Amino acid sequence: MKIVEIRTHILAAPLAVPFAFSQGWVRTRAAMITEVVTDEGIVGWGEALCQGLQPPEIAAATVEYALKPLVIGKDPLDVEVLWDIMYNQTKDYGQKGAVIGAISSIDVALWDIIGKYHNLPVYKVMGGAHRTNVKAYATGFYRRGEESELRSAWIEEAKAHIDAGFMGMKLKIGLGVKEDIKNVGAVREAIGPDYQIMVDANHGYNLCDAKKLGLALESYDISWFEEPIAPEDIGGYRELRQAISIPLACGENEFTRIGFKDWFVARAVDIIQPNTCQSGGFTECRRISAMASAWGVSYNPHCWGTGIGLAAALHMLAIIPPNPISIYPNEPMLEFDRSAHPFRNELITKPFKAKDGYVAVPEGPGLGIEINREVLQKYRIN
Ligand code: CA
């Protein structure tokens, strides 16, 4: 089998109601979708994560100009060899960021092809599932309107997630230490002790404020404190981890096993959150998962893309071992983005739904999804 064509699809749509997180206002949702075509007629799909403020064109240009020439004509079944070639040939200007996102998009598409070639779901080709039904938590709680209305809006949103069956939810903090304490406290009080609450500052704090906030939030039973400080400050995380009892999470802005190695060695974090469509694809995320298990660190994938990214996260979630394995294991969870996105669900013919707080891993060949080409055309901007 040979790769004969790679197409990039840059999708974007303005949001009817923009929303804010600690780094700015999101006014458009965008995606960079990669389509890999083989001479046997098998087509694979991948996606490069677009963070809230990230232009999708960077990853698309990387695929078009840097990666395509390296993989056209090659056998998709040689996926690990192709990963090494893509990583090493872009190392002098890559290693992190959108370049690794671009590599991830091709890698995910190659695994989709491999699954389809063997007529098996990706998780099965990768060695089998620890679970085929994944507990999901709701991501949302962005700021939309006036700050004064935020608390009541959050309480309403929390109740909507509970009504939809979710047992856990992640609050977007980073709006100021005092505000965050009041807002998190109000949600905990409104929903009671039975639901999981995570908090995510999107690195909106310095170490002093993160310590102050972390200590104040300890009484609210917080499952993890995500990206409290700058994602490159490993020493800061290590110090914070020793100062507060809430587990620390990060990794949506870290890349490859080489990047994650330093976090494990420094014992700086409790939970890593690589994004399968950003941190290196299935090939590299499996290696990161193996390292996490060796260091006793939990792995909860970050997920904030289209249905393709969601499918990739679910196959990855199927193969991550619990940390540790036991009769009542602490299972990894799916981040289920419930924020506004005009084409997240439409892009695949059968959108993912949470049922009683769980999402089933797709069972069809490859990623187990089908792309709606009309939607691809409708939102395409390149
Ligand atoms: Ca996050």
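Counting starts at 1 for both ligands and their atoms, in listed order. Numbers here are sequence positions counted from 1. Computed from heavy atoms alone, side chains included, the values below leave out hydrogens, waters and symmetry copies. Since we're looking at a predicted model, the values are computed, not measured.
- Linking ILVMFWY side-chain heavy atoms closer than 4.5 Å, directly or via other members, places W304 and M333 in two distinct hydrophobic clusters.
- Checked against the Ca ion (ligand 1), the N, O or S atom of E226 at the shortest distance is OE2.
- Ion pairing of E156 with K159 is absent here, as no side-chain N (NZ or NE/NH1/NH2) approaches a carboxylate O to less than 4.0 Å.
- A donor-acceptor contact closer than 3.5 angstrom links the side chains of Q51 and E252.
- Note on E252: its N/O/S atom closest to the Ca ion (ligand 1) is OE1.
- Salt-bridge annotation for K68 and E5: present, with a side-chain N of the basic residue lying under 4.0 Å from a carboxylate O of the acidic one.
- Closest to the Ca ion (ligand 1) among the N, O or S atoms of D200 is OD2.
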